[in-house]
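Report on one structure; see the data block that follows.
For clarity, every value in this text was computed on a predicted model and none was experimentally measured. Hydrogens, waters and symmetry mates are skipped; everything else that's a heavy atom, side chains included, is used.
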Amino acid sequence: MTERPNFDDYFDAIVVGAGLAGSAAALTMAQQDLEVLLIERGNYPGAKNVFGGTMYTPRIRELTGEGFEDAPVERHLGTKRFGLLSTEDETAMSIKPGQWQESPHNDTYTVLRGNFDEWFADQAIEAGATLITETTVTDLVREGESIVGVETDRPDGTIHAPMVVLAEGGNSLVSEAADLKETDPPEKVAIGVKEVRKYDRETIEERFGLGEDDGAAYHYFGEGACGGGVGGGFIYTNKRTLAIGVAYTISDAIEDDRKPDELLSDFKEHPAVAPLVKGGRVVEYSAKSIPEGGASSVPELAHDGAVIIGDAASLLLNNGIHLEGTNMAVESGYLAGNAIVEAIQAGRTDAAALQSYPEELESSYVMENLQNYDWFSDFAHDEKQFLFQQLPKALTEAELEFFKQDYEPKETHAKRAKNMLLRAAGGWTGAAKKAWKYRKLLS
């Protein structure tokens, strides 16, 4: 833990949270000669992070340059698989482009966030930022309408700085308590539960058909994955561990009789999943909230003396196909850091001087993605019964009929299979309406 004898009036900016967004902001500002304090409540950056996914690294690679060669990644992602689960069956599609095996591997890697976040924060420290850990920010300090620092649980308590960057993650208690953002409703927030199981390396590579360095991301949807709620299950391969979990909306969790850990247990016992995750030893269990409100849930990002970035700003894309957030968090930290540098150099800290951050974010892929898929949350809830319960069953029945071996011609089985799917979709009219709705999913 880095200490300084007197924090007040020393720093240009305080960053609350040393996750990806916070470290990206700290690194961006430190590289441009601002004095930055990075505050982390865990023992080290990443210690409190709950993550079971992939890291997307274009901006990180740009910010760290040659240093990225030493980044503690686990495996580059070479395979994506999407499985639709009924209670007993699976319909799946797998993709494995050869180009993903070549550097920079589509800038997509599995990582252990404790290792990766600590390394990324170290890049900010090497650039000149100061890190303090085991420190919780409890409130913001104001002078009039302007935010001028933070209150902490440290003995010296208050730390002043002209700018505060709120990168506190999905559980954004400080931002909400300061009325900088509203609490999201239960249908706009997911709960994720995850366990990490340890295996020998050969077992993982054999089960998932991997080489020494490539990895896989398996995503599952349907009643067999998350009980028919809006969400899904996942498996990510690391070098010697698997990240296994489920995530579904809090509103569905309230309706389900099972607790989240029971739902995870049922997912692991599904016939399509059990052979992949059997054995091993649990080395980690965790749970977290995940903001899924889309563009409509993004709060006002720039305030007098403060900005909000990353998951705290609901910058997460979770539409079933594109499960992204790490790249969007980093991008928001980078854009916010640049805006703060410009404002500080101009001798200003007011919200108007920070508008380049929300403006640049608005014109970036981050907001474009969020706006493009803003319809998905309401759509998934409206179509929940069909998408997560009826469709998996109908596909299974149609597949069984289509490939059935007997004395009837294949054309007869094909017609029956088609009719099964049409009935599930509500006939030709229902199928046409659903097809029109679902066109956005791949747009």
For the CZ atom on Arg41, are there more than 12 heavy atoms of other groups (residues, nucleotides or ligands in this structure) within a distance under 6.0 Å? no

Identify whether the distance between the nearest side-chain nitrogen and carboxylate oxygen of Asp261 and Lys259 falls below 4.0 Å. no

Would you say the side-chain atoms of Tyr248 pair up with the backbone N or O of Ala225, donor to acceptor, closer than 3.5 Å? no

Using the rule given for side-chain contact (heavy atoms from CB on, under 4.5 Å), can you reason through His303 versus Leu354, listing the C-alpha separation, both sets of side-chain angles and the distance that settles it, and then say yes or no? CA-CA 8 Å; His303 304 265; Leu354 297 165; over 6 Å; no

Given Glu182 and Lys188, is the salt bridge (Lys or Arg N to Asp or Glu O under 4.0 Å) satisfied, shown in steps? CA-CA 12 Å; Glu182 296 180 357; Lys188 300 290 187 181; over 6 Å; no

Could you tell me how the ring of Phe234 sits relative to the ring of Tyr236: parallel (under 30°), tilted (30 to 60°) or perpendicular (over 60°)? tilted

Heavy-atom side-chain contact between Tyr199 and Val277 under 4.5 Å: yes

Residues Ser23, Gln123; criterion side chain to side chain donor-acceptor pair (under 3.5 Å); working and verdict: CA-CA 8 Å; Ser23 289; Gln123 308 310 297; over 6 Å; no

Test your reading of the model: is there a side-chain donor-acceptor pair from Tyr44 to the backbone of Asp117, 3.5 Å cut-off? no

CG (Leu242) and NZ (Lys198) are apart, to the nearest 0.5 Å, by 12.5 Å

Can you run down the side chain to side chain donor-acceptor pair (under 3.5 Å) pairs that involve residues 140-151, sequence neighbours left out, and say none if there aren't any? Glu151-Thr158

Can you give each donor-acceptor pair under 3.5 Å made by side-chain atoms of residues 93-103, sequence neighbours left out, with the distance rounded to 0.1 Å?
from, atom 1, to, atom 2, distance (Å)
Lys96, NZ, Gly209, O, 3.4
Gln101, OE1, His76, NE2, 3.1

With a 4.5 Å limit on heavy-atom distance, are the side chains of Leu166 and Val137 in contact? no

Considering only heavy atoms from C-beta outward, does the side chain of Glu195 approach that of Lys268 to under 4.5 Å? yes

Taking atom CZ of Arg81 and atom OH of Tyr218, what is their separation to the nearest 0.5 Å? 5.5 Å

Determine yes or no for a side-chain-to-main-chain donor-acceptor pair under 3.5 angstrom, with Thr28 supplying the side chain and Ala26 the backbone. no

Any salt bridge linking Glu223 with Lys393? Criterion: basic side-chain nitrogen under 4.0 Å from a carboxylate oxygen. yes

For the pair Thr152 (side chain) and Gly157 (backbone), establish whether a donor and an acceptor sit closer than 3.5 Å, ignoring hydrogens and angles. yes

Give a yes or no on this: more than 12 heavy atoms of other residues, nucleotides or ligands lie within 6.0 Å of atom CD of Gln355. yes

Qualifying salt bridge (charged side-chain N to carboxylate O under 4.0 Å, His left out) pairs, either residue in residues 118-128, two or more places apart: none

For the residue pair Thr326 and Thr54, establish whether any side-chain heavy-atom pair is separated by less than 4.5 Å. no

Walk me through whether Tyr357 and Ile340 qualify under side-chain contact (heavy atoms from CB on, under 4.5 Å). CA-CA 8 Å; Tyr357 164 46; Ile340 291 169; over 6 Å; no

Checking Arg75 side chain against Lys239 main chain: does a donor-acceptor pair fall under 3.5 Å? yes

Taking Asp214 for its side chain and Leu210 for its backbone only, find out whether a donor-acceptor pair lies under 3.5 Å. no

Distance from Ser286 atom OG to Arg113 atom CZ, nearest 0.5 Å? 11.5 Å

Would a 4.5 Å heavy-atom cut-off, applied to side chains only, mark Ser265 and Glu269 as touching? yes

Under 4.5 Å between any side-chain heavy atoms of Phe267 and Leu85, yes or no? yes

With side chains defined as the heavy atoms from C-beta onward, is the minimum distance between Val307 and Val165 less than 4.5 Å? yes

Can any side-chain N or O of Ser332 pair as donor or acceptor with the backbone N or O of Gly310 at less than 3.5 Å? yes

Would you indicate whether the side-chain heavy atoms of Ile60 and Met55 approach each other to under 4.5 Å? yes

Test side-chain contact (heavy atoms from CB on, under 4.5 Å) applied to Val246 and Val193, step by step: CA-CA 6 Å; Val246 295; Val193 290; 3.4 Å; yes

Go through the steps for Asp107 and Thr57 under the test side chain to side chain donor-acceptor pair (under 3.5 Å), then give the verdict. CA-CA 5 Å; Asp107 271 302; Thr57 59; 2.7 Å; yes

Note: Lys384-Glu255 ion pair, threshold 4.0 Å (strictly below): yes

Can you tell me if Asn238 uses its side chain to pair, donor with acceptor, with the backbone of Glu74 under 3.5 Å? no

Distance-only, no hydrogens or angles: does the Lys181 side chain make a donor-acceptor pair with backbone N or O of Ala312 under 3.5 Å? yes

Closer than 3.5 angstrom, by distance alone: can the side chain of Ser172 be matched with the main-chain N or O of Glu168 as a donor-acceptor pair? no

Mind running side-chain contact (heavy atoms from CB on, under 4.5 Å) on Thr237 and Arg207 for me, showing each step along the way? CA-CA 10 Å; Thr237 62; Arg207 287 184 185 178; over 6 Å; no

